[in-house]
Amino acid sequence: MESGYVTTPFGRRPMSLGMLASQQLAETIEPGMKRSKWKLFRAICEARPALGVTDRALTVLDALLTFYPDDEISEEKGLIVFPSNAQLSLRARGMTPATLRRHLAVLVEAGLILRKDSPNGKRYARRDRAGAVGEAFGFSVAPLLARAAEIESLAAQTVTDRELLRVTRERLTLCRRDISKLIMTALEEEISGDWEGISAMFRTLLARIPRVATAEDLAPLLDEMGLLRAEIVNMLERRIKTQKIDANESQIEHHKQNS
DNA sequence: AATCAGTGTGCATACAACCC
DNA sequence: GGGTTGTATGCACACTGATT
């Protein structure tokens, strides 16, 4: 077989490097490895952006996992699920077959599941006389087990990233609120200074805040915003000081006149 | 030969994001 | 505000090997 393609009963289906990699990875499951499928699924949901799949694809993965007989995924219990498209569609909230296939392909491409095709391409399991599942054909969840640690660490990273973003947003909001209050005060108190210019700078800074942003996007903006605030505070303090001095001087004058 | 359970893909549509 | 573009979806279709 030439590389790059996998021969199926239905002709040649392109095989990506990622698929090859996840196939190899799936061979390397540590003995005794097991995971609660729903805990792992939640980690996958957290790590979703990093894994490069959509929420709809996860709906399909969710449906797929419902066909795994046990809560604990482990090699001993078998790693192949073999639902028909009809059953899968049913448990994927009635997802249309074509869409189902596309998302299955996405999951394979993302290295979360593997196809294990039967000779005729249908999904089924051979059972022995005792009724136990022998060889099964369908989708293998082996990559999930092989990548469990990686997935969990991606999920943890996502959580910390999100927290950092939240904190950064919070600081940014506080800072911009400070600035607009300070500017308002300056204008109301008619403190001298180029407040129009400051306002304009503030507005352009605000306009640079992306609607959707990462913490990395926001950090430099927060820095600039902080500098602007410091500058404004500085200006105000200087004016207030000189005004106080003026006031004192006029008081002294007043004093002199009175005395 | 018809049917079944799979596979993929082209086309139309809907909707969101982006740009001017 | 309106046009463009990209993505997801659903439908229809073509194809396959096994089975009846």
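Letters A, B, ... are given to chains in the order of the sequence lines, protein chains preceding strands, and every chain is numbered from 1. Because only heavy atoms are used, hydrogens play no part in the values below, and waters and symmetry mates are left out as well, while side chains stay in.
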(message) With a cut-off of less than 4.0 Å, is there a side-chain N or O of His103(A) near OP1 or OP2 of dT9(C)?
(response) yes
(request) State which of dT7(B), dG10(C), dA5(B) makes the closest approach to the side chain of Arg115(A). (result) dT7(B)
(message) Do Lys122(A) and Phe82(A) have side chains that approach each other closer than 4.5 Å (heavy atoms only, starting at C-beta)?
(response) no
(request) Using whole Å, report how far CZ of Arg93(A) lies from C1' of dA8(C). (result) 17 Å
(request) Write down the distance between CG (Asp117(A)) and P (dG17(C)), rounded to a whole number of angstrom. (result) 13 Å
(request) Can you figure out which of dC11(C), dT7(B), dA8(C) approaches the side chain of Thr54(A) most closely? (result) dA8(C)
(request) By nearest nucleotide on DNA chain B, pick out whichever of Arg102(A) and Phe139(A) is the more 5' one. (result) Phe139(A)
(message) Taking the six-membered ring of Phe137(A) as reference, does the cationic atom of Lys116(A) (NZ for Lys, CZ for Arg) lie under 6.0 Å from its centre and within 45° of its axis?
(response) yes
(message) Would you say Thr99(A) places a side-chain N or O within less than 4.0 Å of OP1 or OP2 belonging to dG10(C)?
(response) yes
(request) Identify, between Ser84(A) and Ala98(A), the residue whose nearest nucleotide on DNA chain B lies closer to the 5' end. (result) Ser84(A)
(message) Under 4.0 Å, counting only non-hydrogen atoms across every strand here, what does Arg123(A) touch: a base, just sugar-phosphate, or nothing?
(response) sugar-phosphate
(request) Whole angstrom is fine here: how far is it from OH in Tyr124(A) over to C1' in dT19(C)? (result) 12 Å
(request) May I have the distance from Phe137(A) (atom CZ) to dA18(C) (atom C1'), rounded to whole angstrom? (result) 14 Å
(request) Check the distance between dC11(C)'s C1' and Leu100(A)'s CG and give it to me in whole angstrom. (result) 15 Å
(request) Give a yes/no verdict on a cation-pi contact between Arg123(A) and Phe139(A), requiring under 6.0 Å between NZ or CZ and the six-membered ring centre and an angle within 45° of the axis. (result) no
(request) Determine the contact category for Arg56(A): base if any of its heavy atoms lies under 4.0 Å from a base atom, sugar-phosphate if only primed atoms, P, OP1 or OP2 are that close, otherwise nothing. (result) sugar-phosphate
(request) Could you tell me the separation between the CG atom of Asn85(A) and the CE atom of Met95(A), rounded to the nearest 0.5 Å? (result) 12.0 Å
(message) Could you tell me how far apart Leu104(A) (CG) and dT9(C) (P) are, to the nearest whole angstrom?
(response) 13 Å
(request) For Ser140(A) and Ala142(A), indicate whether the former's side chain and the latter's backbone hold a donor-acceptor pair under 3.5 Å. (result) yes
(message) Of the options dG10(C), dT9(C), dT7(B), whose atoms approach the side-chain atoms of Asn85(A) most closely?
(response) dT7(B)
(message) If the cut-off is 4.0 Å, is Thr96(A) near the phosphate of dC11(C), judged by side-chain N/O to OP1 or OP2?
(response) yes
(message) Nearest whole Å is fine: how far is dA8(C) C1' from Met95(A) CE?
(response) 11 Å
